[in-house]
Amino acid sequence: MNEKTRCLAVYLIYLFIGTGYMAGQDNPWGTPPTKLSMKEAAERAAAVSPELRGTEAQQVLREGSWALGFRAFLPKLSISASEDDRLSQVGTDSFTKSYTLSIQQLVWDGGRLAASRNIEKAELNLARLALKRKTAEIGESVINLYRTIIYNQALLEIKEANLKSLEMQYSILREEVSRGLALESDLQEAELSLESNRLDTRKLQMDMETAQLELADALGLAKLPSLSDRIDTEYAAAVKPSDLNNLVSFVGQIALQVHPDLISERFAIQKMQVQLQSASRAWWPTFKLSGDVSVLGDRYPLSRYNYSLGLVMEFSSPLISGSLGARAGKEGPYDTTGRLQSSLEPIPDPASSLSKQSLEAMLSLEQEKYQLQLKQIERETQRLLHSCVMAEERRLLAKKQVELSRKRCELQEIKHSLGQATMLDVMKAQNELAQVETALVEAAVNLLQTERRLEQFLDLSPGELGTFLQHLQGVQS
């Protein structure tokens with residue numbers, strides 16, 4: 001296998017890996033899982049998305065094309081053959097055959113070709129970043145669906161437990177009414193409360209089933225497997241109040257380095273800097289070296305030959321453009337040839353004289369925009385760190401409210417046994433307990449959502465914030 005064939009084979013393998021053919025397009029993720037975590041759901045959603053796979057394949061092709069574009073720096077070879085026949089009625093017939101090998105090499109172009117490739121590379125980086133952002137958006141939508149399902153599951157468990165207790169208490173109240181120990185109005189009010197809880201429970205079940213269908217569809221599954229993550233109301237925030245002051249500066253600096261918006265803006269600024277550099281060097285001359293060798297004759301074997309070597313300088317500016325070339329060679333063993341050629345064009349493109357100023361203004365605007373984004377993201381990171389601490393405080397308050405409500409419910413049961421409260425009072429206390437338990441779940445979900453927003457700022461996967469902060473504190477110490 002020669003070198004060209006080997007390079008072609010490597011490129012084709014790279015292409016097929018990028019487009020997913022070697023992994024199998026019909027089932028890019030493999031066997032459906034039996035359990036699914038939030039992180040795995042986000043990864044699977046990105047893997048099964050046809051849009052992402054198509055964009056990834058196009059990106060691989062563009063990157064491969066850019067890599068092969070290095071050919072522009074190498075010499076250009078061309079081979080030509082011709083046969084010129086002439087039949088004359090009064091003169092001698094001629095049958096001229098010629099074969100020519102030509103070579104052309106760019107000697108120096110003021111960095112235009114390198115700048116052009118750098119601009120293309122910056123565009124590829126921006127496209128790759130856009131693909132990564134699109135992947136993150138798809139994953140984040142799946143994470144939101146996942147969190148909605150486990151949130152509804154937690155609420156449903158509270159609703160079902162509350163409904164079971166209310167049904168038992170309603171049975172006791174109905175027996176009390178039949179014995180004349182409670183009012184009929186209390187029974188009717190309890191029945192309305194019980195039916196309202198049943199309707200709320202069924203509505204919650206329907207909402208959860210709808211979210212499960214949407215999540216299964218987003219993951220390309222016929223049936224959604226069991227979800228391994230749960231809403232843990234005992235989960236403590238990864239950001240501790242005692243560490244807040246130390247984390248603000250360090251986390252803010254890391255966010256400025258890894259935030260996707262800032263990375264995209266840096267790539268855009270680099271692209272404009274290359275464009276500005278290229279525009280400022282547009283008037284620099286270009287030098288090209290060329291040569292050719294020819295053999296010719298009337299019959300085989302061809303008996304005549306010639307060769308030549310030349311250098312061409314080309315220049316272009318808004319006010320003047322032209323070229324200057326020199327060429328020398330030999331024809332056969334006795335004749336020497338030479339040629340000088342020049343051309344000049346005045347005022348070819350006066351409007352291009354403003355391109356540099358336009359690029360400078362655009363670059364200045366992008367840099368100002370970047371500085372504003374730096375400050376905004378730094379402030380937003382600080383706000384999210386404080387929000388994590390506040391979300392943890394709200395979770396602790398909700399937890400205390402649950403403890404107080406549970407004691408209040410137990411107290412109402414004791415007062416009922418002593419004849420100091422009705423069963424309807426006990427049922428109201430039970431409903432209140434379910435409400436504060438729901439508030440605790442909502443506080444836990446709010447904490448998870450706040451931490452997830454901070455993870456997005458730090459370009460982390462779901463659930464990695466705690467490990468990241470521990471590692472950061474270990475580095476600081």
Side-chain angles (χ1 to χ4, degrees), residues 4 7 11 14 58-80 100-130 263-292 308-328 339-367 369-370:
K4 290 184 178 179
C7 291
Y11 176 66
Y14 175 61
Q58 293 177 0
Q59 180 71 16
V60 169
L61 288 173
R62 291 179 61 191
E63 291 173 351
S65 177
W66 180 86
L68 295 177
F70 184 79
R71 171 68 180 82
F73 289 101
L74 303 179
K76 297 180 180 179
L77 295 174
S78 63
I79 300 175
S80 62
T100 303
L101 173 65
S102 300
I103 183 171
Q104 188 180 66
Q105 174 63 54
L106 178 66
V107 178
W108 188 73
D109 68 344
R112 291 184 183 87
L113 183 57
S116 175
R117 286 181 56 80
N118 289 336
I119 292 174
E120 292 178 5
K121 184 62 176 178
E123 291 175 348
L124 288 175
N125 290 334
L126 288 171
R128 174 63 67 179
L129 189 62
I263 294 176
S264 176
E265 193 65 28
R266 284 195 288 267
F267 279 138
I269 290 175
Q270 290 174 4
K271 176 184 174 182
M272 296 194 66
Q273 287 174 337
V274 175
Q275 290 176 328
L276 179 60
Q277 185 183 45
S278 178
S280 63
R281 297 177 179 179
W283 61 272
W284 288 13
T286 298
F287 294 92
K288 296 179 181 179
L289 188 66
S290 63
D292 59 73
S308 64
L309 185 66
L311 181 65
V312 178
M313 181 189 73
E314 299 175 348
F315 58 91
S316 177
S317 69
L319 300 180
I320 189 172
S321 67
S323 64
L324 178 64
R327 196 171 192 86
R339 183 181 184 186
L340 290 175
Q341 185 177 4
S342 62
S343 65
L344 191 66
E345 181 183 359
I347 317 178
D349 186 13
S352 63
S353 61
L354 302 177
S355 60
K356 181 179 177 181
Q357 290 84 345
S358 176
L359 287 171
E360 288 176 345
M362 292 173 63
L363 178 60
S364 177
L365 182 63
E366 287 293 329
Q367 289 174 337
K369 180 180 175 182
Y370 177 70

Practice prompt. Search all heavy atoms of A127 against all heavy atoms of R62 and return the closest pair with its distance.
Written response: CB-NH1, 3.7 Å
Worksheet item: Who pairs with S316 by side chain to side chain donor-acceptor pair (under 3.5 Å), at least two apart in sequence or on another chain?
Response: none
Discussion item. Treating Q59 as the side-chain partner and L124 as the backbone partner, does any N or O pair qualify as donor plus acceptor under 3.5 Å?
Written reply: yes
Worksheet item: Is there a side-chain contact between K356 and L359, using heavy atoms and a 4.5 Å cut-off?
Response: no
Practice prompt. Flag yes if more than 12 heavy atoms outside L77 fall under 6.0 Å of its CG atom; otherwise flag no.
Written response: yes
Worksheet entry | Taking every non-hydrogen atom, the tightest pair across S290 and R327 | OG-NH1, 2.9 Å
Fill in: Heavy-atom pair of closest approach, residues L340 and A326
CD2-CB, 3.4 Å
Item to complete: Might you point out which heavy atoms bring S280 and W283 nearest each other, and give the distance in Å?
Response: O-NE1, 3.2 Å
Discussion item. I need the R266 CZ to L129 CG distance, nearest 0.5 Å.
Written reply: 10.0 Å
Worksheet item: At what distance, to the nearest 0.5 angstrom, does NZ of K369 lie from OG of S364?
Response: 13.5 Å
Item to complete: Indicate yes or no: at least one non-hydrogen side-chain atom of L289 is less than 4.5 angstrom from one of I103.
Response: no
Discussion item. So, taking the atom named CD in Q367 and the one named CG in L365, what distance separates them when rounded to the nearest 0.5 Å?
Written reply: 10.0 Å
Worksheet item: Can you check whether S317 reaches F315 side chain to side chain, under 4.5 Å on heavy atoms?
Response: no
Please list, one pair per line, the donor and acceptor atoms closer than 3.5 Å that link side chains of residues 112-122 to other protein atoms, with sequence neighbours excluded.
from, atom 1, to, atom 2, distance (Å)
R112, NH1, D109, O, 2.7
R112, NH1, W284, O, 3.1
R112, NH1, T286, OG1, 2.9
R112, NH2, R281, O, 3.4
R112, NH2, A282, O, 2.6
R112, NH2, W284, O, 2.3
R117, NH1, W66, O, 2.9
R117, NH1, G69, O, 3.4
R117, NH2, W66, O, 3.3
N118, ND2, A114, O, 3.2

Worksheet item: Is there a side chain to side chain contact (heavy atoms under 4.5 Å, CB included) between Q104 and S78 once you walk through the steps?
Response: CA-CA 9 Å; Q104 188 180 66; S78 63; over 6 Å; no
Worksheet item: Roughly how far, to the nearest 0.5 Å, is the NZ atom of K288 from the CH2 atom of W108?
Response: 14.0 Å
Practice prompt. Report the distance from atom CG of D292 to atom OG of S308, rounding to the nearest 0.5 Å.
Written response: 3.5 Å
Determine all donor-acceptor pairs shorter than 3.5 Å in which one atom belongs to a side chain in residues 268-279; sequence neighbours excluded.
from, atom 1, to, atom 2, distance (Å)
K271, NZ, E123, OE2, 3.2

Discussion item. To the closest 0.5 Å, what do you measure between CD (E345) and OG (S321)?
Written reply: 4.5 Å
